[in-house]
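What follows is a single structure, and I will ask about it in a moment.
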Amino acid sequence: MFISDCLGINEAGHLTIGGVDTIMLAEKYGTPLYVMDEDDIRRSCSLYKKSIDKYYDGQGLVTYASKAFCCKEICKVAASEGLGLDVVSAGELYTAHEAGFPMEKVFFHGNNKTMEELTLALEYGVGRIVVDNLTELAFLNTLARSQGKTANIFFRIKPGIDAHTHDFVRTGQIDSKFGLALETGEAMEAVKEALGYENICLKGLHCHIGSQIFDIEPFEHAAQVMLGFIAQIKTETGYEIGELNLGGGFGIKYITEHDPVEYDSYMQKVSAVVNSTCKDLAIKRPFIIIEPGRSIAGPAGITLYTVGAVKEIPHIRTYVSIDGGMTDNPRYALYQSEYECLVASRAGEPREKVVTIAGKCCESGDLIGEGMHIQDVKPGDIIAVLATGAYNYSMSSNYNRIPKPAVIFVKGGKDRLVVKRETLEDIIRNDL
Ligand code: LLP
């Protein structure tokens with residue numbers, strides 16, 4: 001009945017998440033409120049893990065892309081499910097470290113890591129640093145030498161794949177700020193340079209073609225291109241790359257019409273291509289890494305809001321104002337992303353109204369969605385926006401000095417606070 005498996009309706013007609021009444025949660029913790037079902041997160045982690053183990057004979061690792069949703073608690077969940085972690089900043093790295101995440105299973109990404117970030121990564125002993133460009137490579141070698149260490153690196157490669165997704169979340173094509181291009185010879189140059197550096201050990205290659213992708217074909221194509229490059233490196237240098245990170249990007253269901261690929265069938269099809277391509281190219285099958293973010297955190301989350309004014313503009317539209325908006329979910333403002341929403345206390349009733357959900361910022365573009373179907377909605381109602389577990393909390397801001405909402409995890413029918421709601425004191429904490 002709902003787009004995410006973790007949602008349901010109880011006898012009172014209220015929306016539940018992980019079996020917990022959302023109206024009770026709104027009363028207990030206030031709104032806006034992010035609620036995530038830990039069991040759902042764990043189910044996704046474990047599906048990915050089982051699948052990669054099965055199709056790559058235990059020679060693979062699922063890393064959770066923490067940019068989708070990052071706090072100490074989810075790092076602990078990912079660690080306990082046996083996953084690795086993708087981090088892209090000192091902030092994400094520090095969070096993982098403070099959560100006790102095993103540093104050897106951390107991949108540190110980013111197209112412009114700072115000196116402080118690379119120093120921290122070496123100090124913590126992160127498993128792999130995914131080097132984006134030649135400037136970073138030379139710099140990292142010097143830094144590692146000064147610390148008497150060897151940096152285990154991957155190269156971020158642009159495989160030249162044009163995945164069909166929103167322009168802002170496409171990354172695999174040549175015109176991208178991320179990584180090294182194959183076509184221009186820049187990637188091969190980087191490999192040769194890395195092989196000559198004393199304090200660098202080139203472990204693998206990485207690509208990520210984009211996000212919210214529904215087709216399997218671009219992933220298969222990317223795998224072929226990357227393996228082709230591994231074979232070319234072997235021919236030109238004699239060095240055989242042992243690890244390949246194929247990135248994340250698997251689409252999820254935000255609205256009923258979305259039809260995402262099952263994790264298992266993605267893994268099965270891509271592994272078949274990996275196996276046959278390695279055979280054809282006469283190379284050893286590398287250890288395979290994938291890094292899903294959205295598909296682990298997204299479906300597990302919802303956001304609860306309290307409705308304020310409902311403004312009906314005759315023959316034009318109805319604005320339903322909520323106590324949050326682009327500060328806790330900027331995705332409609334940024335990408336016109338679609339969401340489903342409902343009145344949490346009447347979750348089972350038909351959604352016959354068509355409304356625009358508007359946030360509280362001084363900005364006309366502060367909308368959660370337009371043309372959204374919802375039940376008859378009144379001031380004081382709690383509404384739930386669905387599938388907000390990824391890229392909502394992690395992309396939230398304090399625009400208009402609005403404090404960030406709390407995050408609640410539910411598990412086995414129980415709820416617990418995992419990130420406190422920001423207070424007004426938090427808002428001026430750094431003001432002098
Ligand atoms: N690996 C790398 C190197 C990435 O850049 C990303 C996402 C992922 C993995 C995880 O991709 P996922 O499985 O979550 O699709 N803010 C945008 C999404 C940006 C994605 C950035 N990179 C949004 O809200 O849709």
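Each ligand, and each atom within it, is numbered from 1 in the order the structure gives.
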N400, CG atom: more than 12 neighbouring heavy atoms under 6.0 Å: yes

D86 neighbourhood, listing ligand 1 atoms whose heavy-atom distance to it stays under 4.0 Å: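 Close to D86: 1 (N), 2 (C), 9 (C).
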
Intermediate values then yes/no, salt bridge (charged side-chain N to carboxylate O under 4.0 Å, His left out), R43 and D39: CA-CA 6 Å; R43 259 194 308 277; D39 291 322; 5.7 Å; no

Nearest-option assignment for atom 9 (C) of ligand 1, heavy atoms, candidates E291, R331, R156: E291

Ligand 1 contact on R294 by region, counting heavy-atom pairs under 4.0 Å: both

Of Y254, Y332, Y305, the residue whose pairing with Y339 passes ring-ring contact (aromatic ring centres under 6.0 Å, His included): Y254

Heavy-atom proximity to atom 12 (P) of ligand 1, best of A68, G210, A65, G249: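 Looking at heavy atoms only, the winner is G249.
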
Geometric class of the Y393/Y34 ring pair [parallel <30°, tilted 30-60°, perpendicular >60°]: perpendicular

Contact (N/O only, under 3.5 Å) between H109 and ligand 1: no

Numbering as shown, the atoms of ligand 1 that approach P292 to under 4.0 Å (heavy-atom distance):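 Those qualifying, in numeric order: 13 (O).
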
Between Y94 and Y124, ring centroids under 6.0 Å: no

Salt bridge (charged side-chain N to carboxylate O under 4.0 Å, His left out) partners of K50, counting only residues at least two apart: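 K50: no salt bridge (charged side-chain N to carboxylate O under 4.0 Å, His left out) contacts found.
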
Numbering as shown, the atoms of ligand 1 that approach G293 to under 4.0 Å (heavy-atom distance):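 Matching atoms, with element in brackets: 12 (P), 13 (O), 14 (O).
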
Within-shell test, G247 vs ligand 1, heavy atom, strictly < 4.0 Å: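 In this structure, G247 fails to qualify as a contact of ligand 1 - no heavy atom is under 4.0 Å.
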
For H206, the ligand 1 atoms whose distance to one of its heavy atoms is below 4.0 Å: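 The atoms of ligand 1 under 4.0 Å from a heavy atom of H206 are 3 (C).
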
Contact with ligand 1 for Y335, non-hydrogen, under 4.0 angstrom: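 Y335: in contact with ligand 1 (<4.0 Å).
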
Under 4.0 Å to a heavy atom of M395 - the qualifying atoms of ligand 1, by number: 16 (N), 24 (O)

